[in-house]
Amino acid sequence: MSSKEVKAGLKSAREAIKNKEFKEALKHCKAVLKLEKNNYNAWVFIGVAATELQQPDQAQTAYRKATELEPEQLLAWQGLANLYEKSDQADFKAELPKIYQKLITLYEISDKAKYFEVSKKLVEVYQLEKNYLQVARVWRRLIQVREREHLILAFERALQMMVDVPSEVHKSLSQDYIKCLSKLPHEVAKLKEVCDATLSRYPTHPYPLEALSENYIRTGQFCYRLSELDPNNSQAHFGLGIKACQDKKYEDAIKSISLDAKNDPVLLALKGRAHLQKGQTEEVSAELLSSHPGSVEGLTLKGLAHVAKEQHKQAEESFLEALSRSPDNGELFFLLGRLYWSMGDEMRRDRNKAHTHLLKAAKLDPYLGSVFRFLGHYYKEVAKDQGRARGCYKRAFELDSSDAEAGAATVDLSMEQGDMDSALTVLQSVTERATPGSAKWAWMRRGLYHLKTGQHQQAIADLQAALRADPLDWVCWECLGEAYLNRRSFIAALKAFDKAHALQPTSIYSLYQTAAIKQILGRFKEAAAEYRQISEQEDYVPALKGLGECLLALARNALDDYLDGRAVDLIQNAIHYLFRAVKQRPDLSCLWKLLGDACTTSRTVSPNRAKVLVPGALCGMDPPDQSHTLDQRQLLTLGERCFGRALKLMPEAPRLWCDLGLNYYHQSRLLNCLYPEDDAQSLLEKAMQCVKKAIKLDSANHTYWNTLGVVAMAKGRYKYTHDVHNCISLDYITNVVAWTNLGALYLKKGNIELSHEALKIAQSLEPLYVNCWIGQAIIAETVGSFDTMDLFRHTTELSTHTEGVKGYAYWVCSTLLDKSNRDSELYLYNIVQMNAISAAQVALSKYTERIQTDPDAFIMLGYLNTHLQLKKQATEAYRRAVELLQASPHTDQLSFALRGYGRALSDDGQWEEAVRVYSSTPLEELHDLIGLALACFRIGRLPESYEKALVVASSEKEKACILTALALIQHRLGSMDHAKTLLFKCSMLKEPVPESLQCLCALGLVHGDVTLASATLTELLKLGEPIGGAVEERCLLTCTLLALQGNFSGVHREAARAIHRYCIIFRDTVSLNFIQCDKATRTYHFYFCVNLEFNSFHLRRNALKTIQRAVLLCPGKLSYNQTCYVRYVYDLFSVKSLQAEDGLLAQALEGWVLQQAVTGLKQSSQYDQAETLCSQVLSVSPEHPVVFLMLRQVQCERLLLSEASNCVPPAVLDQLSAAVMANHTSVSAWHWLAEVYRSQGLLAQASVAYRKSLQLASQLGDHFGKMSSLLRLALLALMPSYPDSGHILDLVLEASAEVLKMGSSPVALLYQALLQFSIKMGARETRRLLEKIVYASASGSSETIASVARWYLLRHLHTKDDLELIDTLLVKATAEGDSRLVDFHRRLYPSS
């Protein structure tokens, strides 16, 4: 019901009465009563209008109804009095005295003049009736009122006339005035005023406080002051006891009342009730009954004790006995009525007895609020009279403002009846005087009122105030979450609902709202998990619907990422849960629409992947209780049926018509693709009619117009499509989709310029919309622009789209096939710099995963895989292409695919299969013949196709290569002469290849034919400078020839010449030989490099680099390092050997070489020799800090390995620190010192050392030193005994964060995870961090790091008892060969 409509109706009725249009007023009042049947003003207006229309009976009925609704309101009683005064009906005249008496009661407080006027009218009525006794009573009451007024006036004048103020006389007179006012119940305000004035003059006078305490005994506000003034005042104790009882501080109540109880039955009864509230029911009334055995108070207390023990019969007997002694005791009638209300089943069925006693109690004690509260219960639950119930509750709350139940019921009924103003007035009055942490019911209801009226901010403030009173009220937390949600504060709402669910785990609503908010925030996976949790408990339709929506959203995200298998699984699950919802509520159109969307979403995946299990009852297959597998066509048909069912429920929903049209459109596309023999035009016609229906229902929606254009274009109605899209483009100038489709239409019709303009507008509207970029790329391809490849590449960067992917892959493959542009800037930028091959291969892999019927795509994918050396993937791609092209008429494509397939098989080592594939080709192309020959050769068959290839070869170079291959075959067969003849024949060609000359030269060297080798080498040198690996081969051939000729010095010169001329390549070659040759040969190479380069002073630095590289290639050969390297290089580059100007180089080299020597000696446990070596160097260079540090390190390590390793003397530590500080540029020295401190348990000193190394690394710009220092510092902080435990969190987080800023670091991630594990092992964040390392460990991180992370993750999952995730972890560990984790799992779960 609308409060605005009620107010408008009352206003119209008031205006009609004012204009004397009484019939019109009646109409307005009846309209109001239809909305709110207990509206007080409407009944009063009906009474007024009926009176004026001479309808006294209707007027009386209306006024009587109004007085029942609001007994304390004057208007209805005044109207009745006016009606009875004007009427001559005898029954009206008989009721008039009662009306006057009620008006006198109401006027006595508010209006004295009206009081006297109505009293005189009542006297006249009694005189006419000759009821002189009543006349006397009224006059007596009038005289009493007049006397009170005169008495008050007299006291005030007397006090004003007194001169001696303050004085005892004035004090006594003030006390008498207070006594007089305290006996007048309607002069409470005057009493408080006089008492305050008296207290201000006589602060130590207790009587004003006693009078105030008596009137305000429930609040206890004056009792405290009275108790302070007079600690032995019994009235103060009584008031404090009453207040303590109200505050449920029963111990304090008993203590206060006991001070004065003694023999007073009233106080003893109050004390007993305090005991009763504490639950002490045994001897509650013993003291009272022993001192006053027949007292009403004792019997009442005894009855209350029986009620507390649920002894209803004994309680009734006690109350009845007390009532027999005090028959006019309203409280006893109330206690009996309350007892009857709560008694057994028979009494619950018949509430009349309780009602009778409650009415009697209300009549005897109209100021007892509890009576009216229970009367409200009766009228609400039994009589079903909401108006009377509301009046009773309101009266109870007016009598006792602390009665939260009555106040809450008043507000609730007012809201139910639409009287929001009255409800808000009550709530406003309570909240204004409420202290913080109180009046929860009022704050909560006012918050709900503001929530209902859309005042969300005010609702939040009120509900927060309610929670201050009771922070554990889960319902209030839910309401607060609802308010936040309506204000669109999703994070705050999420926290509120999480709190509500934590307080009440069985509450489905809070869990549902949590999931719904996460769904709004796009956290579909989390939302789906919580929806699933609800659906496991019951078939809650909103949760099932939300779960279906989340799964559908996840499926669409998976489709965007081309994860089609996952998308199909999600679609299947979505259909399952949505069907569960449909079974509960088949009347909901939205559920059928979602089912249709789920089925139609399968259109995107490849038809052979779209296999979904659907319940038989949904798809109409037998048996209905089992699931059946549907293919893509069946799924789309099922989607059509679901949309049809939704339209039956909501035939005027344009969105449903459009969705159905799109479903028909996708069915037609599937038919054209897989079933070309079927007629798809009928489906397109249906699609067009459905979309037209949607436009008819909502012509302002551009989506429907755009859909209509797409369908029309599929039907070939280009003119119609053009008009539609023009209309869209004009009406929705900012719609990127419409402009893109218009551009596609122009492109289809061949109008390049208009297409370009339309697509350009689309790009300006939404630069990230990939379709418009694809259109521009196709235009560029059409006109032959150089930007084509860049545009296609840009489309793959925006998102994965089939057209963009295929276009980019085509241009990458075309560029690769063109061998003439390898050195061009365009090739270097488009292919090399932009990493085109990898990007195209990844994108094309997604493409072929979805579109598995495109042979061109598989051919390009195979070609790209071949370039990336992905042999198995290339083989599989070519195999799929061949399968698709087997039945195709395109023989050229098939031959190309077979050629690539054969080459891929050869690369993969499948030679026999390669022979089979090559044999299936026409064997007319040179590549086919050569590939077949090579495959045959590999499997041991004599290749016969080389001769045919020689005929097919078109260039001299090709022929030279074939002849060389034939010569190698003859050499393998042992026919040296034939091989030599073929090589001679090859060398006589106009374009001989270097390989043939190298083979001929090698053949001469092998057989000792120096003449042949020398002549061939001369011809080889004529071909120009060698490139690549030919440098080493040519150098080796030359050196070998010189060695055969006995010219060993020439060998030395040739090698030196090659070193100086091709130094970079030669060093690689020397390094390669150095690794592969034996020790003696390595020594020879070492001598060779050193002697060769040491002869030239200017190449000493290069010599150093060469030797370092050689040694570092064999770091495990300690003996070699010690003997060969140290023995010769140290002597070679000692200080004495170098000239004066190379002093810095000599010192640096000396330190480095010495460090290698000392390290080698320490690793072989030869500490004596290491110490001797350092001492010898120090004897020559005593000021060498590096050597001095090495000596200290050797001595320290010897000490740590000895028996005294548990404690290094402080003096030694000081010496080590001084030695490290002397090496001001060594980060590793500080690391070593920190490790020494750590081994001695001096973690604070270790931390300082690491910080020093970090500072030094930062100053030197040492990136790796800085990273190492940070990681070591973080690891130190994670140790259990780290001293500054309060800053561990900040230290580890700061250090690891700095490392991650410098680059990827799995170690830093591990430290963060270990920190979280140590803080809260069972937290969700702990699992997230550990899983990030465990399941991403293949991306370059150490297996050790992953193993440690797996170990801690297993401990976390063990505490959560998550067996499913533990099984997943064990599978991962088994695959990685982590037997340690498997053993640990067996210990944790011995029975598994």
Side-chain angles (χ1 to χ4, degrees), residues 1-8 35-36 386 390 393-394 397 401-504 506-521 527 530 542-543 546:
M1 58 189 69
S2 173
S3 178
K4 292 182 179 179
E5 293 179 10
V6 170
K7 288 181 180 178
L35 297 173
E36 187 181 329
Q386 305 299 322
R390 177 185 168 190
Y393 285 132
K394 184 177 181 182
F397 188 64
S401 60
S402 64
D403 190 346
E405 185 180 359
T410 303
V411 172
D412 291 343
L413 287 174
S414 298
M415 286 186 172
E416 286 179 14
Q417 296 170 8
D419 191 359
M420 293 294 184
D421 292 339
S422 299
L424 190 59
T425 302
V426 174
L427 295 174
Q428 197 75 23
S429 65
V430 175
T431 54
E432 283 176 354
R433 63 174 183 267
T435 58
S438 64
K440 168 193 154 186
W441 67 270
W443 288 113
M444 186 169 178
R445 280 165 175 78
R446 198 174 81 156
L448 293 174
Y449 167 79
H450 287 132
L451 185 60
K452 185 177 181 180
T453 56
Q455 302 175 51
H456 307 309
Q457 189 59 45
Q458 187 60 44
I460 290 169
D462 290 344
L463 291 169
Q464 287 174 340
L467 283 171
R468 292 189 193 99
D470 185 5
L472 301 180
D473 186 350
W474 61 275
V475 176
C476 197
W477 279 107
E478 285 187 349
C479 296
L480 180 61
E482 197 70 38
Y484 279 128
L485 185 59
N486 287 329
R487 199 184 68 174
R488 312 293 289 176
S489 299
F490 297 119
I491 302 300
L494 190 62
K495 292 179 180 178
F497 284 120
D498 280 340
K499 180 69 174 178
H501 186 64
L503 293 172
Q504 184 65 23
T506 59
S507 172
I508 288 180
Y509 179 75
S510 57
L511 186 59
Y512 167 75
Q513 287 290 36
T514 300
I517 293 170
K518 289 181 178 178
Q519 182 181 351
I520 293 172
L521 295 174
E530 287 166 350

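Throughout, residue positions are numbered sequentially from 1 according to the sequence presented.
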Given side chains that start at C-beta, do those of [X] and [Y] come closer than 4.5 Å, heavy atoms only?
{"X": "Cys476", "Y": "Asp470", "answer": "no"}
{"X": "Leu503", "Y": "Trp477", "answer": "yes"}
{"X": "Ile491", "Y": "Leu521", "answer": "yes"}
{"X": "Val430", "Y": "Trp441", "answer": "yes"}
{"X": "Gln504", "Y": "Thr506", "answer": "yes"}
{"X": "Lys440", "Y": "Asp473", "answer": "yes"}
{"X": "Tyr484", "Y": "Leu480", "answer": "yes"}
{"X": "Met444", "Y": "Val475", "answer": "yes"}

Distance, nearest 0.5 Å, that separates [atom1] of [X] from [atom2] of [Y]:
{"X": "Leu494", "Y": "Thr514", "atom1": "CG", "atom2": "OG1", "value": "5.5 Å"}
{"X": "Leu427", "Y": "Ser414", "atom1": "CG", "atom2": "OG", "value": "9.0 Å"}
{"X": "Lys495", "Y": "Ile517", "atom1": "NZ", "atom2": "CD1", "value": "12.0 Å"}
{"X": "Tyr512", "Y": "Gln519", "atom1": "OH", "atom2": "CD", "value": "7.5 Å"}
{"X": "Ser510", "Y": "Trp474", "atom1": "OG", "atom2": "CH2", "value": "7.5 Å"}
{"X": "Lys452", "Y": "Leu448", "atom1": "NZ", "atom2": "CG", "value": "10.0 Å"}

Exercise for review: Kindly determine whether Leu463 and Trp443 satisfy side-chain contact (heavy atoms from CB on, under 4.5 Å), including the steps that lead there.
Suggested key: CA-CA 6 Å; Leu463 291 169; Trp443 288 113; over 6 Å; no

Practice item. Determine whether more than 12 heavy atoms belonging to other residues, nucleotides or ligands lie under 6.0 Å from atom NZ of Lys518. Key: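 Count over threshold, so yes.
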
So which atom in [X] and which in [Y] form the shortest heavy-atom distance, rounded to 0.1 Å?
{"X": "Cys479", "Y": "Leu451", "result": "O-CD2, 4.3 Å"}
{"X": "Ala500", "Y": "Glu478", "result": "CB-CG, 3.6 Å"}
{"X": "Arg445", "Y": "Met415", "result": "O-CE, 3.8 Å"}
{"X": "Gln417", "Y": "Glu36", "result": "O-CG, 2.9 Å"}
{"X": "Ala493", "Y": "Gly481", "result": "CB-O, 3.5 Å"}

**Study point:** Distance-only donor-acceptor check, side chains Gln513 and Glu482, under 3.5 Å
**Key:** yes

Exercise for review: Please check if any side-chain donor atom of Thr435 sits under 3.5 Å from a side-chain acceptor atom of Ser438, or the reverse.
Suggested key: yes

Practice item. Could you please spell out the steps behind the side-chain contact (heavy atoms from CB on, under 4.5 Å) verdict for His456 and His450? Key: CA-CA 6 Å; His456 307 309; His450 287 132; over 6 Å; no

